[in-house]
Structures are given as structure tokens and as C-alpha cells.
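All values below come from the heavy atoms of this structure, side chains included, with hydrogens, waters and symmetry mates left out.
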Amino acid sequence: MRYLKWISVLTILAMLFAMLPATVAEDGIVVDLEESVDMEMELEGELLKGFDVSDDLALSLYDANLELDGLEESFTTSEAEKHTEAALTANVSGDFEIDEEGTLTRYRGFDKNVVIPDGVKAIGEEAFENDTLIESVSIPNSVTYIGCEAFSDCTGLKNITIPDSVIETDSGVFYGCTSLTSIQLSNMLTTLASSFFSHCDSLETITLPNSLKSIGSYAFSSCIKLKNISIPTSVAEIHKGAFENCDSLEIVTLPGGIVDIGDIAFANCDRLQSITIPASVTSIDRSAFNDSTNVTIRGTAGTYAERFANGVGIPFNAPVVTFDENTLTDWDDSPYIIQYINQTRTLNAVQKPADLARELTWSSSDANVVAVDQNGTIQGIVQGTATITAATADGKGKAAQLKVLVPEPTEISVSAYDNEIILGQTMDIEAYTDIPYQYDTKVEMPVTWSSSNSSIISIETASGTSVTLKGNKPIFLVFTSVLPDPFS
């Protein structure tokens with residue numbers, strides 16, 4: 001640090017020396033300063049009385065008295081600061097590194113709540129990158145620009161306010177800020193740069209400024225908790241992947257100023273139910289809603305939005321029909337349910353958005369295997385498979401389909417070997433099998449009980465998988481119950 005101080009002092013000396021009127025000979029040697037000044041600079045004792053070099057973190061010029069072999073030239077504090085500002089390549093005051101142009105190039109402190117010094121004009125590229133300690137940042141009104149990935153991967157950052165003095169930002173400013181929940185944007189921003197909030201896992205809602213004209217590529221991609229967003233009428237373009245993988249986004253209303261929706265802009269939004277697209281839109285990339293299987297497009301009939309929806313098979317002003325998740329069982333990536341012979345149950349179909357719900361019709365691909373009525377109640381008839389379809393009666397919207405497996409019955413033995421039945425008395429037995437369950441709800445299975453010799457042990461009562469037996473003679477006996485085998 002001491003070496004750096006001397007270098008800085010010599011730099012300032014050279015600048016001050018150069019400011020004095022001088023006569024230069026042809027060979028470039030200084031021969032005259034004002035009057036006749038010797039070229040030697042005597043730096044005796046402490047290097048310069050006017051320089052304060054006691055502070056390890058600061059270098060300042062208070063009253064520079066330069067003695068150049070007899071000639072004394074004095075500079076005021078204001079003049080000294082003016083002429084030394086450009087010479088300092090970095091200000092390492094405190095925890096901030098600030099270059100000669102006023103850009104904060106790096107924060108090296110350990111505070112949770114950071115206050116950026118007044119006078120900083122810009123926050124440079126990656127200035128706070130990977131700082132996991134920071135929870136909040138106060139940005140002064142002197143800042144006009146925020147550089148690329150300035151706060152990227154600051155995983156502890158929870159809230160921040162960007163003042164209206166900021167008129168421009170670069171890409172990925174808050175990329176990977178997984179704890180960010182609250183932010184206020186500058187009302188002077190015209191573009192939300194690419195990947196601006198990408199992978200901000202905790203961001204649930206945000207209000208965009210009315211100055212905004214464009215939402216950049218992947219600006220909100222993988223913001224998995226983003227539920228609500230208000231897009232101002234000033235926005236004209238939503239670029240590639242802007243809201244891709246926003247798993248919690250359910251309803252989106254685009255303003256009248258939008259004209260273009262880029263590729264995969266709303267792709268893989270699992271819960272997206274509806275998006276309202278205004279008549280102003282004239283371009284939507286075919287992949288804009290890829291794998292957002294539950295989405296309905298709302299709009300005005302005859303507009304580009306309707307032509308797009310019909311072209312890619314997305315319901316337009318009509319619901320998407322799905323089955324309640326508790327109805328389904330995931331098996332080999334194919335949703336289906338097990339339905340036993342003579343068993344009945346009622347399926348629960350859901351229409352989203354709910355305000356576009358219509359009357360439903362039900363059908364079976366093979367009514368001889370699985371029958372269904374218009375209430376959605378199905379019944380297993382014989383062993384086999386069939387597909388049940390729930391669709392809107394008017395044929396609009398997107399239908400729901402469900403594969404139903406009816407297993408073949410099989411015999412399962414139940415032994416009373418470990419139980420004593422007292423003559424003339426009764427005992428209860430339960431049949432335990434590996435029959436699958438539907439999530440946490442046990443399926444009631446049709447079971448037929450029988451005894452190979454009722455004169456020895458008879459069946460008093462039987463219900464489902466339970467039976468009550470009565471001992472008539474002292475002998476060992478094996479009972480059988482007929483149960484369906486879902487794995488046959």
C-alpha cells in the first residue's frame with residue numbers, strides 16, 4: 001500500500017509540474033519554468049508537506065506547496081482536487097472500488113444492508129456478483145446505469161429500489177437472486193434487458209413502469225413463483241422466452257399496445273389457464289405457448305389471436321377440460337385408473353378458466369369394457385382397457401381423456417391356520433392383498449367368499465374383504481376369496 005501511495009504522489013507531481021509554463025528545447029529538455037528554474041526537484045524530509053498519506057485507504061491533496069529549486073508555487077485545495085481527479089485510476093475508500101468515471105467496479109464489504117455512496121454514476125458489470133451476504137441495497141440518485149449481471153447470484157438479496165435516475169440497464173442484472181421478493185423499478189426504464197430476473201425463485205409479483213416498451217428475452221424465465229404481473233400499455237414487444245417456465249403463472253392480460261409475442265415467450269407454464277391477447281397483436285411465434293397445455297387464449301373474434309389459436313390447436317374463448325389430480329395414477333408416464341368389474345365411481349372433470357365452463361358430454365372408447373353415463377360415472381364390465389373422454393357439448397375447447405384398466409379376476413387363498421375357531425363360535429378374517437390404491441383412497445374391491453366344506457367351517461357374513469366364520473367341527477381348513485388381479 002505504501003508503494004502505491006508513492007506512485008500516486010509521483011503521478012500527481014508530474015501533472016502539477018506539467019501545468020507550469022515552461023520553455024522546451026528542441027531536444028525535449030525543459031530549460032525554463034517561469035523564470036529560470038533548475039530541473040532538479042528536491043524532495044527532502046517527508047515527500048510533500050501538502051500531501052496527507054497517513055490514511056491507508058485514502059489519498060487527498062490539501063495544500064500542495066511545491067518547491068522547485070527555489071520557486072514556490074501554491075495550489076488551493078479545490079484546484080488540487082480538480083487536477084488530481086482524472087489521475088486517480090481507482091478509489092478504494094471503504095468497501096467500494098470506484099474508477100475515475102464514477103463507476104462502482106466492485107463491492108468488497110461484508111454488510112447485509114449496503115448503502116452505495118452518493119456520487120457514484122454507474123454500477124459496473126458483476127460489481128456485486130455472487131455476494132451471498134447482501135440482503136438489501138440502497139442506490140443513490142446519482143446512478144444512471146446498471147451493468148451486466150451487477151447483482152447476479154446474490155442469493156440473499158431480498159429487496160432493492162432502483163431510483164428514477166437509472167435510465168438504462170444491461171442483461172442479467174438480478175439473474176439467480178433466489179431470495180428476491182420485492183423490487184421497485186425506475187420509472188424511466190424503456191427496456192427490461194434479457195434475463196433481467198431469470199431464476200428469481202421467490203419473486204411472486206411485480207409492477208412494471210409505464211415507461212417500459214420492451215420485455216427482453218428470458219427476462220422472467222424460471223421465476224417459478226411468479227403469479228401476478230401487470231404489463232403496462234406502453235409495452236409493444238415480448239421477446240423470446242420472456243416468461244418461460246413460470247410455473248405459478250395462471251392468468252395473463254396483455255395490454256392494447258402489444259404487437260409481437262416472441263418464440264417460447266410463455267412456454268412450459270404448467271398452470272397458465274388463460275391469456276388475453278388484444279387486437280393490436282399482429283405476430284405470435286408458433287412456439288410461444290409450447291407445453292403450456294392448460295392455456296386458453298381470450299380475444300376478439302376475427303383477430304390474429306383467433307387465427308393463431310385455431311392454427312396451433314389452443315382453445316379460443318373456450319375452456320380446457322382436465323381431470324382432478326386425485327383421480328389419476330401415474331404409471332409408465334401414462335395417466336390411467338384401475339376399475340374393477342362391477343365397481344362404479346364418478347370421475348371429476350374440471351374446466352379452466354371456470355368462467356368459460358360449458359356443459360360436458362362423456363363417452364367411452366369401448367362401452368363393453370367400461371361404461372360411462374352423462375354424470376361421469378364409470379363401471380367396469382369385463383377385463384380390458386378403454387378410454388373415457390370428457391368434452392364440451394359444443395365441441396369447443398380442449399377435451400380430457402383418461403385410460404381405464406379393468407383387471408382380470410384371480411383367486412387368492414386365505415389361511416385360518418394361525419387362528420383358533422371355537423366350536424359354535426365365530427371369528428373375523430380380513431383378506432390382505434397388493435391391490436393398488438388410488439393415492440390415499442383405498443379402492444373397494446368386489447370379493448366373493450366361499451368355504452370348501454361348510455359343515456366344518458361356515459361363512460356367517462361377508463362384506464368386501466372381510467368375512468365372519470363359524471366353527472362347526474374341529475379340523476384345519478383353507479378358505480379362498482376371489483379378488484381381481486391388476487397385474488395380470
Side chains of Q273 and V320 in contact at under 4.5 Å (non-hydrogen atoms): no
Separation between CG of D291 and CG of N245, rounded to the nearest 0.5 Å: 9.5 Å
I224 backbone acceptor or donor facing S248 side chain under 3.5 Å: yes
Worked verdict on N375 versus T377 for side-chain hydrogen bond (donor to acceptor under 3.5 Å, both in side chains): CA-CA 6 Å; N375 294 317; T377 301; 5.4 Å; no
L133 side, atom CG; C154 side, atom SG - distance, nearest 0.5 Å: 9.5 Å
Beyond-backbone contact of F128 with V173, side-chain heavy atoms, under 4.5 angstrom: no
Gap between atom CD1 of I160 and atom OG1 of T181 - 0.5 Å precision: 12.0 Å
Minimal non-hydrogen separation, H199 against Y175, with atom names: CD2-OH, 3.5 Å
Any donor-acceptor pair under 3.5 Å from S202 side chain to L180 backbone: no
Donor-acceptor contact below 3.5 Å, side chain R106 vs main chain E126: yes
Gap separating the OG atom of S274 from the CD1 atom of I314, nearest 0.5 angstrom: 12.0 Å
For C177, the option from L157, I134, D201, I183 that meets side chain to side chain contact (heavy atoms under 4.5 Å, CB included): L157
Side-chain donor/acceptor of T300 to backbone N/O of A279, under 3.5 Å: no
Which atom of N317 lies closest to which atom of R298, heavy atoms considered: OD1-CA, 3.2 Å
Main-chain N/O of T191 paired with S214 side-chain donor or acceptor, under 3.5 Å: no
Heavy-atom pair with the smallest gap, counting every atom of L104 and Y107: CD2-N, 3.9 Å
Validation row: I146, I139 side chains within 4.5 angstrom (heavy atoms): yes
Distance-only polar pair, side chains of N113 and S136, donor-acceptor under 3.5 Å: yes
Expected output: side-chain S280 to main-chain G256 donor-acceptor under 3.5 Å: yes
Minimum side-chain heavy-atom gap C269-V295 below 4.5 Å: no
Side chain to side chain, N187 and N210, heavy atoms closer than 4.5 Å: no
Modelled atom types, side-chain donor and acceptor of D118 and S142, under 3.5 Å: no
Aromatic ring pairing F220/F243, orientation class (parallel under 30°, perpendicular over 60°, tilted between): parallel
S165 side chain to N141 backbone, donor-acceptor under 3.5 Å: yes
Side chain S171, main chain C148, donor-acceptor under 3.5 Å: no
Any P319 side-chain heavy atom under 4.5 Å of R358 side chain: yes
Verdict with reasoning, V114 to F96, per side chain to side chain contact (heavy atoms under 4.5 Å, CB included): CA-CA 10 Å; V114 177; F96 303 92; 4.0 Å; yes
Closest non-hydrogen atom pair between I388 and V404, with its separation: CG1-CG2, 3.8 Å
Side-chain (S222) to main-chain (S198) donor-acceptor, under 3.5 angstrom: no
Donor + acceptor pair across side chains of Q401, T389 (<3.5 Å): yes
Test log, rule side chain to side chain contact (heavy atoms under 4.5 Å, CB included), inputs N294 and K352: CA-CA 8 Å; N294 296 317; K352 296 181 179 181; 5.9 Å; no
Distance in Å, D260 CG paired with T282 OG1, rounded so as to fall on 0.5 Å steps: 7.0 Å
Least distance between heavy atoms, A242 atom then I215 atom: CB-CG2, 4.0 Å
Flag for S179-T155: side-chain donor and acceptor within less than 3.5 Å: no
Test item: N310 side-chain N/O and G313 main-chain N/O as donor-acceptor pair under 3.5 Å: no
Chi angles and distances behind the side chain to side chain contact (heavy atoms under 4.5 Å, CB included) call for L203, F197: CA-CA 9 Å; L203 191 63; F197 291 109; 4.1 Å; yes
Shortest non-hydrogen contact between S234 and P209, atoms and distance: OG-O, 4.2 Å
V166 side chain reached by T144 side chain, heavy atoms, under 4.5 Å: no
Atom pair CD1/CD1 of I277 and I261 - distance to nearest 0.5 Å: 4.5 Å
Aromatic ring pairing F308/F289, orientation class (parallel under 30°, perpendicular over 60°, tilted between): tilted
T293/T322 under side chain to side chain contact (heavy atoms under 4.5 Å, CB included): CA gap, chis, key distance, verdict: CA-CA 10 Å; T293 55; T322 59; over 6 Å; no
Test salt bridge (Lys or Arg N to Asp or Glu O under 4.0 Å) applied to E101 and K121, step by step: CA-CA 8 Å; E101 297 179 351; K121 298 178 181 178; over 6 Å; no
Note, T169 side chain near I162 side chain (heavy atom, < 4.5 Å): no
Short side-chain donor-acceptor distance under 3.5 Å, D285 and S287: yes
